[in-house]
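To start, the structure itself, in structure tokens.
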Amino acid sequence: MREGHEGTGPGAITPDGCAVDLYTRLPVGDEPDVITGAAPTGAHILELGCGVGRITHPLQQRGFTVTAVDESADMLAHVRGARTICAPIERLDLGEKFDVVMLASFLVHSGDTEVRRGLLRTCARHVAKDGCVLIQREGPDYHTDVPRERVDPSGFTVRIVSAEPVGDGVNEVRAEYLFLDAVWTQTFRARPLSREQFEEALAEAGLEVDTYLTPDGTWVRAVPAP
């Protein structure tokens, strides 16, 4: 288990506290639409942190080729039709370049600065010279609008219970996922990043913002810096 991370509930728990069985239940959101609008038609996508393939599979259905990476073999066991690689993202070096590198699930907000640097270096190392990196950021009130909850149309509830400071600008976040037949929790450490801090982190890795893809700025297309 990664430091400061914990998960509870039925089934396997990954090193960052994610519950595999939970992720097999979560519905697909608007991520495939955002990615399709930002990526070249038929692109080869390197998906970093693919989990059980919640986004992988819809992307394949839209004609993309996906190489799916996750540090959890239990997660990867659910991925179908894609090349899969089990490895920590921050140390990945495939010796290949991709049209698109995708870093979703707010991974760029890792509480460990060195892990974040490693994640972004992995993105920069694997993106083609004329390719792009698609990154999902937290919303501006993610750590301040707590507690909060959302009831999914399918019937389960997602609750962000707390975001408590643990030092060095990092918060320990606790989330709950409540279904009629099961409850999962995840505790993880996340670092809020202002737009300026986020762009500085990109620059450190040799990347720069091409455009903010959504009005709230949570999805970003970055490119290799000249």
Kindly give the heavy-atom pair with the smallest separation between [X] and [Y], and that separation in Å.
X	Y	result
Arg221	Ala38	NH1-O, 3.2 Å
Val146	Ala163	CG2-N, 4.3 Å
Ala205	Ala124	O-CB, 3.3 Å
Asn171	Pro165	OD1-CA, 3.2 Å
Val127	Pro224	CG1-CG, 3.8 Å
Arg148	Asp141	NH1-O, 4.2 Å

Okay, side chain of Gln197, backbone of Ser194: is any donor-acceptor separation there less than 3.5 Å?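 Between the backbone of Ser194 and the side chain of Gln197 there is a qualifying donor-acceptor contact (under 3.5 Å).
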
Please answer whether the main-chain N or O of Gly7 pairs with a side-chain N or O of Trp184 as donor and acceptor at a distance below 3.5 Å.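 Judged by distance alone, no pair lies under 3.5 Å.
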
State, yes or no, whether a side-chain contact exists between [X] and [Y] at a heavy-atom distance under 4.5 Å.
X	Y	value
Glu204	Leu120	no
Met75	Cys18	yes
Val20	Ile13	no
Cys123	Leu103	yes
Arg191	Asp168	yes
Val79	Cys50	yes

In Å and rounded to the nearest 0.5 Å, what is the [atom1] to [atom2] distance from [X] to [Y]?
X	Y	atom1	atom2	value
Glu47	Thr67	CD	OG1	10.0 Å
Glu90	Arg116	CD	CZ	13.0 Å
His78	Thr56	NE2	OG1	12.5 Å
Glu138	Thr218	CD	OG1	10.5 Å
Glu6	Met1	CD	CE	7.0 Å

Test ring pair (Phe, Tyr, Trp, His ring centres under 6.0 Å) applied to Phe98 - qualifying residues, sequence neighbours left out: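 With neighbours one apart ignored, the set is His44.
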
Sidechain N-carboxylate O distance under 4.0 Å for [X], [Y]:
X	Y	answer
Glu96	Arg83	yes
Asp152	Arg150	yes
Arg2	Glu71	yes
Arg121	Asp93	no

Run the side-chain contact (heavy atoms from CB on, under 4.5 Å) test on Leu202 and Ile135 for me, step by step, so that the C-alpha distance in whole Å, both residues' side-chain angles and the decisive distance to 0.1 Å come before the verdict. CA-CA 10 Å; Leu202 289 183; Ile135 301 172; 3.6 Å; yes

Can you list the residues that meet the side-chain hydrogen bond (donor to acceptor under 3.5 Å, both in side chains) rule with Ser162, with sequence neighbours excluded?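 Partners of Ser162 under the side-chain hydrogen bond (donor to acceptor under 3.5 Å, both in side chains) test: none.
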
Is there a salt bridge (Lys or Arg N to Asp or Glu O under 4.0 Å) between Arg117 and Asp112? Walk through the geometry before answering. CA-CA 9 Å; Arg117 287 171 173 156; Asp112 186 324; over 6 Å; no

Could I get the full list of salt bridge (Lys or Arg N to Asp or Glu O under 4.0 Å) partners for Arg54, not counting sequence neighbours?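 Checked Arg54 against salt bridge (Lys or Arg N to Asp or Glu O under 4.0 Å); matches are Glu31.
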
In the hydrophobic cluster built from side-chain contacts under 4.5 Å, what are the other members alongside Phe64?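 Result for Phe64 is Val34, Ile35, Ile45, Ile55, Leu59, Val66, Val100, Met102, Leu134, Leu213, Trp219.
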
Could you tell me if Arg195 sits above the aromatic ring of Tyr212, with its cationic atom closer than 6.0 Å to the ring centre and no more than 45 degrees from the axis?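 Flagged: Arg195 positioned over aromatic ring of Tyr212.
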
Apply the test side chain to side chain donor-acceptor pair (under 3.5 Å) to residues Glu176 and Thr185: give CA-CA distance (whole Å), side-chain angles for both, the deciding distance (0.1 Å), then the verdict. CA-CA 4 Å; Glu176 296 178 348; Thr185 73; over 6 Å; no

Do [X] and [Y] belong together in a cluster built from hydrophobic side chains that touch within less than 4.5 Å?
X	Y	value
Val69	Leu76	no
Leu22	Phe188	no
Leu107	Leu92	yes
Leu48	Phe198	yes
Val173	Val170	no

If you look only at pairs with a residue in residues 123-173, which of them pass as a ring-ring contact (aromatic ring centres under 6.0 Å, His included), with sequence neighbours excluded?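 Listed once each, the pairs are Phe106-Tyr142, Phe156-Phe179.
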
Please evaluate residues Asp216 and Thr214 with respect to the criterion side chain to side chain donor-acceptor pair (under 3.5 Å), reporting the C-alpha separation (whole Å), side-chain torsions for both, the decisive distance (0.1 Å), and the verdict. CA-CA 5 Å; Asp216 61 4; Thr214 52; 2.8 Å; yes

Tell me, with the steps shown, if Arg125 and Thr122 meet side chain to side chain donor-acceptor pair (under 3.5 Å). CA-CA 5 Å; Arg125 185 161 51 241; Thr122 292; 3.1 Å; yes

Would Val166 and Arg189 count as a side-chain contact (heavy atoms from CB on, under 4.5 Å) here? Give the steps. CA-CA 9 Å; Val166 293; Arg189 292 187 178 177; 4.2 Å; yes

Test side-chain contact (heavy atoms from CB on, under 4.5 Å) on Leu94 and Leu46; report intermediate values, then the result. CA-CA 10 Å; Leu94 299 178; Leu46 177 64; 4.1 Å; yes

Output, in order, the C-alpha distance, side-chain angles, deciding distance and verdict of salt bridge (Lys or Arg N to Asp or Glu O under 4.0 Å) for Arg25 and Asp181. CA-CA 12 Å; Arg25 298 189 182 200; Asp181 61 341; 2.8 Å; yes

Quick one: side-chain hydrogen bond (donor to acceptor under 3.5 Å, both in side chains) pairs with a partner in residues 12-23, sequence neighbours left out?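 As it turns out, the side-chain hydrogen bond (donor to acceptor under 3.5 Å, both in side chains) pairs with a partner in residues 12-23, which skip direct neighbours, are Thr14-Asp16.
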
Apply the test side-chain contact (heavy atoms from CB on, under 4.5 Å) to residues Arg80 and His57: give CA-CA distance (whole Å), side-chain angles for both, the deciding distance (0.1 Å), then the verdict. CA-CA 7 Å; Arg80 299 287 179 263; His57 299 141; 4.0 Å; yes

